[in-house]
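Some notes on the structure that comes next.
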Amino acid sequence: MTFEQAVLENLRELPADKQQEVLDFIQFLKHKLSAEKSHIKPDGETFWEMTLRFRERMEWEGIEFTDEDFANLRDRSPGREVEIFYANFPFHVLMF
């Protein structure tokens with residue numbers, strides 16, 4: 001018996017809802033594999049293309065953001081120190 005035959009035989013013994021879970025898992029693995037292959041694109045991918053790929057990945061994984069996720073996210077302190085590099089020299093700036 002080949003590997004494929006063993007998988008099919010075991011799959012057929014499962015109830016329909018468990019067969020669907022197996023199919024979902026296979027599709028997840030295929031998507032994950034393709035995402036790993038295309039994770040690093042060659043230079044030339046535009047910001048928009050990367051954004052679309054990110055949104056597709058978020059949709060595939062079922063991740064949703066709401067306004068509540070971003071509530072109170074911003075630092076509302078009166079100022080903070082930021083280190084900026086210009087020509088490989090750091091500059092310390094107090095931002096307001």
Check: Gln20 and Asp17 side chains under 4.5 Å, non-hydrogen atoms: no
Any link between Leu52 and Phe47 through a network of hydrophobic side chains (Ile, Leu, Val, Met, Phe, Trp, Tyr) touching at under 4.5 Å? no
Out of curiosity, Leu8 CG to Phe3 CZ, how far, rounded to the nearest 0.5 Å? 10.0 Å
Point-to-point distance, once rounded to the nearest 0.5 Å, from CG of Leu33 to NZ of Lys30: 10.0 Å
Kindly compute the distance separating OG1 (Thr51) from CD (Glu56), expressed to the nearest 0.5 Å. 11.0 Å
Atom CG in Leu11, atom CD in Glu4: separation rounded to 0.5 Å? 12.5 Å
Do any N or O atoms from the side chain of Gln5 and from the backbone of Thr2 form a donor-acceptor pair under 3.5 angstrom? yes
Under a 4.5 Å side-chain heavy-atom rule over Ile, Leu, Val, Met, Phe, Trp and Tyr, are Leu14 and Ile26 clustered together? yes
Is there a side-chain contact between Gln27 and Trp60, using heavy atoms and a 4.5 Å cut-off? yes
Any side-chain heavy atom of Thr66 within less than 4.5 Å of one from Asp69? yes
pair Arg57-Glu61: side-chain heavy atoms closer than 4.5 Å: yes
Donor-acceptor pair, distance only, cut-off 3.5 Å: does the side chain of Glu13 make one with the backbone of Asn10? no
Does CD in Glu64 sit with more than 12 non-hydrogen atoms of other residues, nucleotides or ligands closer than 6.0 Å? no
